[in-house]
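Remarks on the structure that follows.
Convention: sequence-line order gives letters A, B, ...; per-chain numbering from 1. Since we're looking at a predicted model, the values are computed, not measured.
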Amino acid sequence: MIEMKSVYKTYKRKDVTTEALKGIDLKVEEGDIFGVIGYSGAGKSTLVRLVNYLERPTDGEVIVDGQVLNHLSDSQLRAMKKQIGMIFQHFNLLESKTIFDNVAIPLVLAKKPKEEIKQRVMELLDFVGLREKAKSYPRELSGGQKQRVGIARALASNPKILLCDEATSALDPQTTQSILQLLKRVNQEYNITIMIITHEMSVIQEVCNRVAVMEAGEIIEEGSVLDVFGHPKHPTTKNFVKTVIHNSIPESVKRSLKKTGNSKVFRVEVKGEVASEPIVHQVMKAHDIEVNILFANMTEIQETTLVIMYLQIAGEASAIEKTVQLLKDKGAGVEEVVE
Amino acid sequence: MFETVITLDQFLQASIDTLYMVGMSLLIGSLVGIPLGIALVVTRPGGILENKIFYSILNPIINIVRSLPFIILMVAIIPFTRMIVGTSIGTNAAIVPLIIFISPFIARLVENSLLEVNPGIIEAAESMGATPFQIIWHFLLPEAFGSLILSITTATIGLIGATAMAGTVGGGGVGDLAIVYGYQRFDTFAMVTTVIILVIFVQIIQSTGNALARKARKE
Ligand SMILES: Nc1ncnc2c1ncn2[C@@H]1O[C@H](COP(=O)(O)OP(=O)(O)OP(=O)(O)O)[C@@H](O)[C@H]1O
Ligand SMILES: [Mg+2]
């Protein structure tokens, strides 16, 4: 649905040049809720603004819905933009217009007949739960309500893609939750591909199925949310993951760990169905070993459970080996932890 | 109480003349100044129709005209005024320099009003695929409307001051009365009355402008 091929973006302001993007390759499939996370200045906004060509790439190709944006004329680009909705951190609603008129704007621009506009706007306001606010002005609404209006406005022209640049960053955690749930519904009920820019890992955890981590204009890690959360590779990714799931042995446990000759420590990772099985009990019964759970954490991601455990397994070397094999056979990821 | 030679009719006529000069030059000045103000905003660096050449010509021209005090501008363009209306005295002759005086002033005021619009609004408009004309018409102007009303109010009050000066060269209106009777013939009554009339005009215009702007801002 969205593809970028070695995209570069350099800003030149007088003597200052900023390389905001340095060779981005990216693929967002239809139906994805694709998250992009990174610290401030990583280039996230620049990246998302390339998708609807608010910014032009210095080099490389941006392909949306099979069309190479670089090759489109201004009027073709405007037509393309109607296929892409966008919502913003500060909502960007027109203060001078009612909620109804704000949502109606894309339809007015497209010169739709009055009756059709009225019907569509009320339908959208129903969808976001703000029908009774149609005649209010943005200043009379809370932040969460404003973002709902923003979402309704972005959906008005029936887009295939919705871009969200820090759409929940100005909202409290509870309101963030409700907006994220709404975005999930947008994805499922209207089958709209969503790209979410954020600096909060919890947002990714809540709604995304894929994630790209950005740093200094590059994508340093990319994959399914379950994989990236389970196995972050880059230190920055690890830091982000740490903000939502504890996945390392607490220092106090580490210190009191008795290094006995015939024991080893493993990091065991279990996903989905397997997580609900009494897997530790099963391996203990199968072989002559002792298992000490040093640390365990269970997180819900994408309606799937991710369990991360640190197990100290004591016993004969061969028994330990067999236990590890058994865990792997059951679908767990097992890694020995060597300090 | 005071000795005066001016009749009520003269006062009425002078007031009507002043309103006529202000009204006409405001109307034509707005028709020129508002598009110029919009042009300044959209062609400036980073604007939606960025145009370095156009902007770097228009911008200094407006500054130059703005830097001339009205009284000098009026005298300097007398030949031009004669060419247009055939005479350099009377209300119609005063309107020509008034328009030239007020148009760039309105352009600057409009520019400031439009620049106050949250840039996020324009970003949203661009993300919807709006054309430059649509951005101006459906986003910039409605969002700046309250502020534009206040700008026009300020321009109108500026015009009242300028029309009073136009009186010194026989432009007619309240200013003319003040000069001819109040100043040259020491008619205190004429002087005081013209001051009161001008104060009332300005008060009415300012409070009407404020009220309209409040309404436009949905306060
Ligand atoms: N219009 C611009 N002109 C010049 N430099 C810019 C412009 N926009 C962004 N940059 C620079 O490009 C880099 C990336 O900016 P960008 O806004 O994409 O970061 P971000 O990841 O969205 O950060 P944040 O989380 O703070 O929003 C920064 O160094 C920024 O200063
Ligand atoms: Mg940003």
Quiz item: Is it true that atom CD1 of Ile89(B) has more than 12 heavy atoms of other residues, nucleotides or ligands lying nearer than 6.0 Å?
Solution: no
Quiz item: Above 12 or not: heavy atoms from other molecules or residues under 6.0 Å from CD1 of Ile53(B)?
Solution: no
Self-check item: Within 6.0 angstrom of Phe145(B) CZ, more than 12 heavy atoms from elsewhere
Solution: no
Practice problem: Return yes when atom CZ of Phe80(B) has more than 12 non-hydrogen atoms of other residues, nucleotides or ligands closer than 6.0 Å, and no otherwise. | Solution: no
Exercise. Could you have a look at Ile87(A), Asn52(A), Ile105(A) and say which one has the most heavy-atom pairs with chain B under 4.5 angstrom?
Key: Ile105(A)
Exercise. Taking all heavy atoms of Lys81(A) and all of Glu126(B), pick out the closest pair and write down the distance.
Key: CD-O, 3.1 Å
Quiz item: Do the non-hydrogen side-chain atoms of Arg217(B) and Glu95(A) ever get within less than 4.5 Å of each other?
Solution: no
Practice problem: Might you confirm whether atom CD of Glu189(A) has over 12 heavy atoms from other residues, nucleotides or ligands at distances under 6.0 Å? | Solution: yes
Self-check item: Atom pair CZ (Phe88(A)) and CD1 (Ile121(B)), whose distance is rounded to the nearest 0.5 Å
Solution: 9.5 Å
Self-check item: Flag, side chain of Glu143(B) to backbone of Ser96(A), donor-acceptor distance under 3.5 Å
Solution: yes
Exercise. Using a cut-off of under 4.5 Å on heavy-atom pairs, state which of Ala124(B), Ala125(B), Ser127(B) scores highest against chain A.
Key: Ser127(B)
Quiz item: Are more than 12 heavy atoms from other residues, nucleotides or ligands located less than 6.0 Å from atom CD of Gln119(A)?
Solution: no
Quiz item: Counting heavy-atom pairs under 4.5 Å to chain B, which of His90(A), Gln83(A), Met80(A), Lys97(A) comes out on top?
Solution: Lys97(A)
Quiz item: Using non-hydrogen atoms only, which part of Leu93(A) is less than 4.5 Å away from chain B: side chain, backbone, both, or neither?
Solution: backbone
Quiz item: Can you name the closest pair of heavy atoms from Arg78(A) and Pro132(B) and give their distance?
Solution: NH1-CD, 4.0 Å
Quiz item: Does any heavy atom of chain B fall under 4.5 Å from the side chain of Leu54(A), the backbone, both, or neither of them?
Solution: side chain
Self-check item: Sidechain-backbone polar pair: Asn92(A) side chain, Gly120(B) backbone, donor-acceptor under 3.5 Å
Solution: yes
Practice problem: Specify the closest pair of heavy atoms between Gln134(B) and Lys111(A), including all atoms of both residues, with the distance to one decimal. | Solution: NE2-NZ, 3.9 Å
Quiz prompt | CE on Met128(B) to CE on Met86(A), rounded to 0.5 Å | solution = 11.0 Å
